[in-house]
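One structure is given below, encoded as structure tokens.
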Amino acid sequence: MKKVELINFLNEYLKIDEYEDSSKNGLQVDSQKTEIKKIWYAVDATSYIFDKAIKEKVDMIICHHGLFWGFDPVVVWTHYDRLSKLIKNDIALYACHLPLDGHEEVGNNVVMLNKFVDFFAMKDCKISQIDVWYEIFFENHIDLRKIKEFCENVDIEYKYFDNADKIKSVVFCSGSGRNFIEWRYGDYNLLITWELNHETLVLAKENNLSVLLWWHYETEIFGVQALAEKLKEKFWVEIVFLDEKY
């Protein structure tokens, strides 16, 4: 398909102009190609990902963590290595950070939430979005033991739980849940996020908030996978997902 059409669709579908983000979302590295036939999906824009993309002869990489953030880095060391591999091999790079966390269809948080809803076969629940995060309140409380079963099912580490035997409200925060705890900790029984620093874990425990750590990579692989399937269905482009965790 035409590269310009793909970029325009992604920008509009992911609503990248609606988010204030340190990431420079959108097309970060262009190519001379006008047609895109093969796309690689990854969480991170790294040299080892680019090496695989070169071997696969892909035309574009779509990632969650791109190369350009809230400053203009000089093109040296690892940054040079990464950019040179893309440019020399005529591979475009598209990055989408917070818009892919908060998207209502293919976002990291909504996919996590849907996994939770499916596991517990929830019917009577209220779901709403706050910034890029999603919250869920349900009529019937969930027993703490069932929460632990969910953790084992999706490979989550449960850090600690409060003294409550039942859970009735959950918030999903892909990436870091630090700011969320500081802003709204009193509204929920359970936070599912990737990692928290010591200070924030102390704050969560002090306010009887249970925390499940799903890890950074694991909570942010969902969005690129879901977006890949969306583009495959819509445009019939060839997709490759051979990501590599650190």
Side-chain angles (χ1 to χ4, degrees), residues 10-23 25-26 41-44 62-66 94-123 125-138 142 147 150-151 153-159 167-197 200-201 204 209-231 241 243 245:
L10 287 169
N11 290 346
E12 182 177 352
Y13 178 67
L14 297 170
K15 306 173 184 176
I16 64 171
D17 292 334
E18 297 182 12
Y19 289 83
E20 293 185 10
D21 196 349
S22 58
S23 170
N25 296 310
Y41 297 85
V43 175
D44 302 300
I62 298 179
C63 65
H64 185 51
H65 300 135
Y94 186 98
C96 188
H97 186 230
L98 290 184
L100 194 57
D101 283 319
H103 197 271
E104 66 273 13
E105 292 182 353
V106 298
N108 292 312
N109 286 309
V110 77
V111 175
M112 283 197 295
L113 185 148
N114 288 334
K115 289 180 179 294
F116 189 87
V117 169
D118 291 343
F119 181 86
F120 292 104
M122 290 183 174
K123 295 181 180 179
C125 58
K126 178 183 177 182
I127 298 171
S128 59
Q129 183 177 5
I130 307 168
D131 196 15
V132 301
W133 306 306
Y134 280 79
E135 61 183 8
I136 180 170
F137 296 86
F138 26 92
I142 298 176
I147 297 290
F150 173 71
C151 294
N153 183 264
V154 296
D155 194 25
I156 295 178
E157 174 187 344
Y158 50 89
K159 188 63 179 177
I167 298 294
K168 65 177 182 179
S169 54
V170 182
V171 62
F172 297 82
C173 300
S174 64
S176 174
R178 179 184 62 192
N179 290 337
F180 198 93
I181 289 183
E182 293 172 352
W183 294 342
R184 297 179 60 90
Y185 63 82
D187 297 341
Y188 307 95
N189 300 131
L190 175 64
L191 167 69
I192 298 179
T193 188
W194 68 264
E195 64 186 15
L196 298 170
N197 61 19
T200 314
L201 282 171
L209 176 66
S210 301
V211 177
L212 304 185
L213 301 181
W214 205 333
W215 304 121
H216 199 153
Y217 178 90
E218 283 75 9
T219 63
E220 297 190 339
I221 199 172
F222 300 125
V224 286
Q225 288 178 326
L227 181 60
E229 292 304 318
K230 176 72 176 181
L231 294 184
F241 190 85
D243 205 358
K245 187 179 177 182

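The structure presented is a predicted model; accordingly, all values stated were derived computationally and were not measured.
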Subject >> Side chain Q225, main chain L227, donor-acceptor under 3.5 Å >> reply: no
Original post:
Hey, does the side chain of S169 reach the backbone of N189 with a donor-acceptor pair shorter than 3.5 angstrom?
Top reply: yes
Report yes if the side chains of [X] and [Y] come closer than 4.5 Å at any heavy-atom pair, otherwise no.
X	Y	value
I136	M122	yes
F119	I147	no
L100	V106	yes
I62	L231	yes

**OP:** Take the angle between the ring planes of W214 and F150 and call it parallel below 30°, perpendicular above 60°, tilted in between.
**Re:** perpendicular
Original post:
In terms of the angle between their ring planes, are H103 and Y13 parallel, tilted or perpendicular, with boundaries placed at 30° and 60°?
Top reply: tilted
Specify the closest pair of heavy atoms between [X] and [Y], including all atoms of both residues, with the distance to one decimal.
X	Y	answer
G66	A95	CA-CB, 3.7 Å
S174	N109	N-OD1, 2.5 Å
P99	L14	CB-O, 3.3 Å
N25	I16	O-CD1, 3.8 Å
E157	W215	OE1-CZ2, 2.8 Å
F241	Y41	CD1-O, 3.1 Å

Could you give the distance from [atom1] ([X]) to [atom2] ([Y]), rounded to the nearest 0.5 Å?
X	Y	atom1	atom2	answer
N153	D118	CG	CG	11.0 Å
L98	H64	CG	NE2	7.5 Å
L190	L209	CG	CG	7.0 Å
L10	C96	CG	SG	8.0 Å
I192	L212	CD1	CG	5.0 Å
E12	D17	CD	CG	10.0 Å

Original post:
Regarding S23 and D21, is there a side-chain donor-to-acceptor distance under 3.5 Å anywhere?
Top reply: no
**OP:** Would you check if there is a donor-acceptor pair between the side chains of D101 and N108 at a distance under 3.5 Å?
**Re:**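 There is such a pair between these side chains.
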**OP:** Applying side chain to side chain contact (heavy atoms under 4.5 Å, CB included), name anything that partners Y217, two or more places apart in sequence or on another chain.
**Re:**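 Side chain to side chain contact (heavy atoms under 4.5 Å, CB included) list for Y217, sorted by chain: V43, D44, I221, D243, K245, Y246.
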Original post:
side-chain contact (heavy atoms from CB on, under 4.5 Å) between T193 and T219: does it pass, once the steps are laid out?
Top reply: CA-CA 7 Å; T193 188; T219 63; over 6 Å; no
Original post:
Should the heavy atoms of other residues, nucleotides or ligands under 6.0 Å from CD of E104 be counted, would the total exceed 12?
Top reply: yes
Original post:
Of F116, W133, Y134, which is the lone residue that meets ring pair (Phe, Tyr, Trp, His ring centres under 6.0 Å) with F172?
Top reply: F116
**OP:** Would you please indicate if the ring centroids of Y19 and H97 are separated by under 6.0 Å?
**Re:** no
